[in-house]
Undergrad: 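Got a structure here, written out as structure tokens. Questions coming.
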Amino acid sequence: MDFTSVEFYTIAFFVAMALVGFFVRQKKTTPAASVISSLDLVPAPQHGEGKSVLRLVAHGDGKVTIEREGLLLCDGETVNLIATIIDDKITIQEKKGKISAFGGRESFYNGHVDVTFFLENNKNYLRYESSVAGQWCKLAFLNSPGNKVEKDLSY
């Protein structure tokens, strides 16, 4: 085979692409999983109205409590969290569940729920999106016993 032939350069090109593909392959990820949880809502105290806060608290058994403050809801409405998990990246969407058909009086609520989808003793990257309030936040959270993180949601 001649170094000036088209066949040589064609074969060399395919070998080079195979080597590049071998060294630049993507990290394998687990398939995405989805979890739906419902917030337990309680009326907010008067001094906490209007402040949208997300709080994560890690427990010793791998469980994490998600606390949410400042939800403006009509009486009888519910809020669901839809989590999409891919490895250590978690996206949580906050959506209204049961919507009040009669409207009613709006007031502020706080909610919390215990979840088990955070990787234990590992850093988790979270994006929290609230369609209820039109706000969001991003944070990193280390799920180790006693760890706590709090973040204000922004527009």
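Note: hydrogens, waters and symmetry copies are ignored here, and every other heavy atom, side chains too, is used.
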Undergrad: Hey, mind stepping through K96 and L73 against side-chain contact (heavy atoms from CB on, under 4.5 Å) and telling me if it holds?
TA: CA-CA 9 Å; K96 285 188 180 177; L73 302 169; 3.9 Å; yes

Undergrad: Between F118 and F141, is any pair of side-chain heavy atoms under 4.5 Å apart?
TA: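 Yes, their side chains come closer than 4.5 Å.
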
Undergrad: Where is the tightest heavy-atom contact between E106 and L72, given as atom of each residue plus distance?
TA: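 So the minimum-distance heavy-atom pair works out to OE1-CD2, 3.8 Å.
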
Undergrad: Using the rule that Ile, Leu, Val, Met, Phe, Trp and Tyr join whenever any side-chain heavy atoms are under 4.5 Å apart, tell me whether L139 and L153 fall into a single cluster.
TA: yes

Undergrad: Looking at CD1 of I66 and CD of E94, how far apart are the two atoms once the value is rounded to the nearest 0.5 Å?
TA: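 It is 10.0 Å, given to the nearest 0.5 Å.
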
Undergrad: Is there side-chain contact between K95 and I82, with heavy atoms separated by less than 4.5 Å?
TA: yes

Undergrad: Have Y125 and D87 got a donor and an acceptor in their side chains that come within less than 3.5 Å?
TA: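 Side-chain D/A pair, Y125 to D87: absent.
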
Undergrad: CD/E120 to CG/D61 distance, rounded to the nearest 0.5 angstrom?
TA: 7.5 Å

Undergrad: Rounded to the nearest 0.5 Å, what's the gap from CG on N122 to OG on S144? Could you check?
TA: 10.5 Å

Undergrad: Set out, in order, the CA-CA distance, both residues' side-chain angles and the distance that settles side-chain contact (heavy atoms from CB on, under 4.5 Å) for K151 and Y128, then state yes or no.
TA: CA-CA 10 Å; K151 181 93 177 197; Y128 191 92; over 6 Å; no

Undergrad: So L71 and V79, do their side chains get closer than 4.5 Å, heavy atoms only?
TA: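 V79 reaches L71 side chain to side chain.
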
Undergrad: Which heavy atom of L39 sits nearest to which heavy atom of G111, and what is that distance?
TA: CD2-C, 4.1 Å

Undergrad: What closest approach, in Å, do G62 and N143 show between heavy atoms, and which atom pair accounts for it?
TA: O-ND2, 3.4 Å

Undergrad: Do V35 and V115 touch side chain to side chain, with heavy atoms closer than 4.5 Å?
TA: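 No; the side chains remain at least 4.5 Å from each other.
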
Undergrad: Kindly compute the distance separating CG (L142) from CG (N124), expressed to the nearest 0.5 Å.
TA: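 That separation rounds to 8.0 Å.
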
Undergrad: Salt bridge check: are E69 and R55 linked by an N-O gap of less than 4.0 Å?
TA: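 Answer for the salt bridge query: yes.
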
Undergrad: Once you round to the nearest 0.5 Å, how far does OG of S37 lie from CG of L81?
TA: 6.0 Å

Undergrad: For E129 and R127: C-alpha separation, side-chain torsions, deciding distance, then whether salt bridge (charged side-chain N to carboxylate O under 4.0 Å, His left out) applies.
TA: CA-CA 7 Å; E129 302 169 353; R127 178 173 174 87; 2.6 Å; yes

Undergrad: Does one hydrophobic cluster hold both V64 and V113, with members joined at side-chain heavy-atom distances below 4.5 Å?
TA: yes

Undergrad: F117 vs I90, test: side-chain contact (heavy atoms from CB on, under 4.5 Å). Steps then yes/no.
TA: CA-CA 9 Å; F117 51 75; I90 301 169; 3.9 Å; yes

Undergrad: Under 4.5 Å between side-chain heavy atoms, counting indirect links through other Ile/Leu/Val/Met/Phe/Trp/Tyr residues: same cluster for I11 and F22 or not?
TA: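 Same hydrophobic cluster.
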
Undergrad: Roughly how far, to the nearest 0.5 Å, is the CZ atom of F108 from the OG atom of S52?
TA: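 Those atoms lie 7.5 Å apart.
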
Undergrad: Does a side-chain heavy-atom distance below 4.5 Å link S107 with D75?
TA: yes

Undergrad: Just jot down the side chain to side chain donor-acceptor pair (under 3.5 Å) partners of H59, sequence neighbours excluded, or say none.
TA: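 Residues passing side chain to side chain donor-acceptor pair (under 3.5 Å) with H59: T65.
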
Undergrad: When you group the ILVMFWY residues by side-chain heavy-atom contacts below 4.5 Å and let the links chain together, are V132 and Y155 in the same group?
TA: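 Unlinked, Y155 and V132 end up in two clusters.
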
Undergrad: If only side-chain N and O atoms count, and only distance matters, is there a donor-acceptor pair under 3.5 Å linking S130 with Q135?
TA: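 There is no such pair between these side chains.
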
Undergrad: So, applying side chain to side chain contact (heavy atoms under 4.5 Å, CB included) with V149, which one of L126, L56, L54, V57 is it?
TA: L56

Undergrad: Do I85 and L119 have side chains that get closer than 4.5 Å, going by heavy atoms?
TA: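 In short, these two side chains do not touch, never coming nearer than 4.5 Å.
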
